[in-house]
J.: 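My questions all concern the structure below.
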Amino acid sequence: MSGSYKAVKRRVFDIIQIGQRDDLPSRMFDWGLSVIIIVNIVSMFMQTFDVFEPIMPLLDVIEAVTLVLFCVEYVLRIWTADLLYPDLSPAKARLRFLVSFDGIIDLCTILPFFYLSGFIAFRMLRVGRIFHLFRINSVYDSFNIITTVLYEKRNQILSSLFIIIILLFASSLGMYSAEHDAQPNAFKNAFSGIWWSVSTLLTVGYGDIYPVTIIGRIMAICIAFLGVGVVAIPTGIISAGFVEQYSKRAHAELKLHDISEVGEILIDGRSEFLGRRIAELKSDYELQIFMLLRDGLTIIPADNIETKENDILIVSSEKMYKKKHTKKKSRG
């Protein structure tokens with residue numbers, strides 16, 4: 001593989017990577033991709049309105065052009081997958097990308113246009129184009145906070161979901177027992193009770209199925225009150241997680257700005273640096289990262305390297321560095 005080929009591939013990889021804020025072509029690519037996704041989604045929605053029937057050929061052309069651009073992006077990401085996963089062989093790196101979240105979303109974006117578009121299941125895959133927007137936001141702080149909170153509070157959230165499932169089955173069986181004889185068509189089986197329980201516990205209340213017996217209505221009142229608490233439990237857990245994350249980030253920024261000389265940052269299992277690329281850390285926290293210590297090895301901190309647990313970063317703050325450098329110049 002020639003040097004020029006590697007340089008072109010590296011440059012393409014740097015441009016299509018989302019979140020390279022210090023690289024103007026990469027930022028323009030991010031903005032352009034966002035516009036293309038929005039145009040594609042708007043066109044897809046407009047195609048469902050009869051009032052836009054006169055411009056339907058134009059909407060079809062817009063959809064086709066945007067999907068061609070999606071295909072080009074998909075091919076480029078497969079081509080540069082070995083740079084995204086440098087520890088894997090090229091074949092394994094491409095396979096890793098194809099089965100990743102980004103790869104699956106890309107495939108769901110373009111697949112309905114080319115294959116079996118007449119089938120309902122494949123037409124529904126067009127919804128995947130909306131999830132394409134997650135990729136744009138995934139490297140920025142707002143989205144990272146959400147994913148970090150959900151990951152760190154996963155055990156508590158799963159516990160609350162387990163409680164919700166138990167209440168759903170208990171209330172559905174109870175309501176079926178109370179209402180089946182009075183209205184056998186509405187509560188035919190336990191599944192009918194589950195549908196009613198979901199709409200009641202989650203405070204939706206469609207009203208298509210409702211109790212008519214005294215016992216059933218008393219149970220419905222109790223279950224409705226339980227539903228308020230059921231919704232509040234995971235909401236409170238997630239809200240507390242957001243408060244913790246914002247407090248951590250505010251505290252971390254203060255510590256980073258206090259680094260006037262070279263310092264070390266240990267990345268543990270709760271660190272906000274965990275799983276992030278070196279380029280992101282440089283741009284988000286204005287750090288100079290000199291080296292990465294991992295498993296007793298000293299690694300050159302390339303921009304595409306992702307941090308792992310127990311990594312140690314040798315860093316200094318660019319803000320403090322610039323201030324000191326400016327002072328030295330003024331003294332000189």
J.: Looking at Phe49 and Met56, what are the two nearest heavy atoms and their distance?
T.: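 Result for this residue pair: O-CE, 4.2 Å.
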J.: As an exercise, state the distance from CG of Leu292 to CD1 of Ile267, rounded to the nearest 0.5 Å.
T.: 7.0 Å
J.: Taking Phe45 as the starting point, is it possible to reach Leu67 by hopping between hydrophobic residues whose side chains are less than 4.5 Å apart?
T.: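 Hydrophobic grouping puts Leu67 with Phe45.
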J.: If I take atom CE from residue Met291 and atom CD1 from residue Ile300, how far apart are they, to the nearest 0.5 angstrom?
T.: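 These two atoms lie 9.5 Å from each other.
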J.: Hey, could you give me the CD1/CD1 distance between Ile233 and Ile157, rounded to the nearest 0.5 Å?
T.: 12.5 Å
J.: Checking Glu73 against Phe29 for the side chain to side chain contact (heavy atoms under 4.5 Å, CB included) test, could you report, in this order, the C-alpha distance in whole Å, the side-chain angles of both residues, the deciding distance, and whether it holds?
T.: CA-CA 10 Å; Glu73 183 214 3; Phe29 178 84; 4.0 Å; yes
J.: Who are the side chain to side chain contact (heavy atoms under 4.5 Å, CB included) partners of Ile194, not counting sequence neighbours?
T.: Phe169, Ser172, Val198
J.: If I compare all heavy atoms of Asp14 with all of Ser26, which pair ends up nearest, and what's the gap?
T.: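 That would be O-OG, 3.4 Å.
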J.: Applying side chain to side chain contact (heavy atoms under 4.5 Å, CB included) to Glu63 and Asn40, what does each step give before you reach the verdict?
T.: CA-CA 6 Å; Glu63 183 179 15; Asn40 182 274; 4.1 Å; yes
J.: Rounded to the nearest 0.5 Å, what's the gap from CD1 on Ile221 to CG on Leu226? Could you check?
T.: 12.0 Å
J.: State whether the number of non-hydrogen atoms from other residues, nucleotides or ligands found under 6.0 Å of Ile214 atom CD1 is greater than 12.
T.: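 No, the 6.0 Å shell around CD1 holds no more than 12 heavy atoms from other groups.
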J.: Taking only residues two or more places apart in sequence or in another chain, which ones pass salt bridge (Lys or Arg N to Asp or Glu O under 4.0 Å) with Arg94?
T.: none
J.: If Ile, Leu, Val, Met, Phe, Trp and Tyr residues are connected whenever their side-chain heavy atoms lie under 4.5 Å apart, and connections chain through other members, are Ile314 and Leu266 in the same group?
T.: yes
J.: Indicate yes or no for a side-chain donor-acceptor contact from Thr307 to the backbone of Phe273 under 3.5 Å, with no hydrogens or angles considered.
T.: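 The answer is yes, because a donor-acceptor pair under 3.5 Å joins these two groups.
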J.: Say you draw a straight line from CG of Asp87 to CG of Asp82; how long is it, rounded to the nearest 0.5 Å?
T.: 12.0 Å
J.: Answer with yes or no whether the hydrophobic clustering places Val72 together with Leu83; edges join I, L, V, M, F, W, Y residues whose side-chain heavy atoms lie under 4.5 Å apart.
T.: yes
J.: Please answer whether the main-chain N or O of Tyr151 pairs with a side-chain N or O of Arg154 as donor and acceptor at a distance below 3.5 Å.
T.: yes
J.: Treating Lys9 as the side-chain partner and Trp79 as the backbone partner, does any N or O pair qualify as donor plus acceptor under 3.5 Å?
T.: yes
J.: List the atom of Ile16, the atom of Arg77, and the distance in Å for their closest heavy-atom pair.
T.: O-NH2, 2.8 Å
J.: Do Val68 and Val75 share a hydrophobic cluster (ILVMFWY, side-chain heavy atoms under 4.5 Å, transitive)?
T.: no
J.: Taking the side chain as everything from C-beta on, heavy atoms only, tell me whether Leu158 gets closer than 4.5 Å to Phe162.
T.: no
J.: Are Ile62 and Met46 side-chain neighbours, meaning at least one heavy-atom pair lies under 4.5 Å?
T.: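 Heavy-atom side-chain distance check fails, nothing below 4.5 Å.
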J.: Side chains of Ser239 and Thr235: does their closest heavy-atom pair fall under 4.5 Å?
T.: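 Ser239 vs Thr235: side chains touch.
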J.: Evaluate whether atom CD1 of Ile215 has more than 12 neighbouring non-hydrogen atoms of other residues, nucleotides or ligands under 6.0 angstrom away.
T.: no
J.: For residues Val149 and Ile238, report the shortest heavy-atom separation together with the two atoms involved.
T.: CG1-O, 3.8 Å
J.: Check the pair Phe13, Leu76 against side chain to side chain contact (heavy atoms under 4.5 Å, CB included), reporting the backbone distance first and the verdict last.
T.: CA-CA 8 Å; Phe13 173 77; Leu76 290 177; over 6 Å; no
J.: Of all heavy-atom pairs between Pro211 and Trp196, which one has the smallest distance, and what is that distance?
T.: CD-NE1, 3.8 Å
J.: Please say yes or no: joined through hydrophobic side-chain contacts below 4.5 Å, possibly via intermediate residues, are Val212 and Leu173 part of one cluster?
T.: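 Per the 4.5 Å side-chain linkage, Val212 and Leu173 are not co-clustered.
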J.: Without swapping roles, check the side chain of Gln183 against the backbone of Tyr210 for a donor-acceptor pair under 3.5 Å.
T.: yes
J.: How many angstroms lie between atom CD1 of Ile278 and atom CG of Asp311, to the nearest 0.5 angstrom?
T.: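 Answer for the CD1-CG pair, Ile278 versus Asp311, is 8.0 Å.
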J.: Counting N and O atoms only, with roles assigned by atom type, does the side chain of Ser43 sit under 3.5 Å from a partner on the main chain of Val39, one being a donor and the other an acceptor?
T.: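 Pair absent, no side-chain N/O of Ser43 close to backbone of Val39.
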J.: For the side chain of Glu309 and the backbone of Leu274, is there at least one donor-acceptor N/O pair under 3.5 Å apart?
T.: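 No: the side chain of Glu309 does not pair with the backbone of Leu274.
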J.: For Asn304 and Leu84, what are the C-alpha separation, side-chain angles and deciding distance, and is it a side chain to side chain contact (heavy atoms under 4.5 Å, CB included)?
T.: CA-CA 7 Å; Asn304 62 315; Leu84 183 62; over 6 Å; no
J.: Check the orientation of Phe97 and Tyr74. Use parallel for under 30°, tilted for 30 to 60°, and perpendicular for over 60°.
T.: tilted
J.: With under 30° as parallel and over 60° as perpendicular, where do the rings of Tyr176 and His180 fit, or are they tilted in between?
T.: tilted
J.: So, for Met175 and Ile223, which heavy atoms are closest and what is the spacing to 0.1 Å?
T.: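 Here Met175 and Ile223 meet closest at CE-CD1, 4.4 Å.
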J.: Side-chain contact, heavy-atom cut-off 4.5 Å: Ile312 with Ile265?
T.: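 Side-chain contact under 4.5 Å: no.
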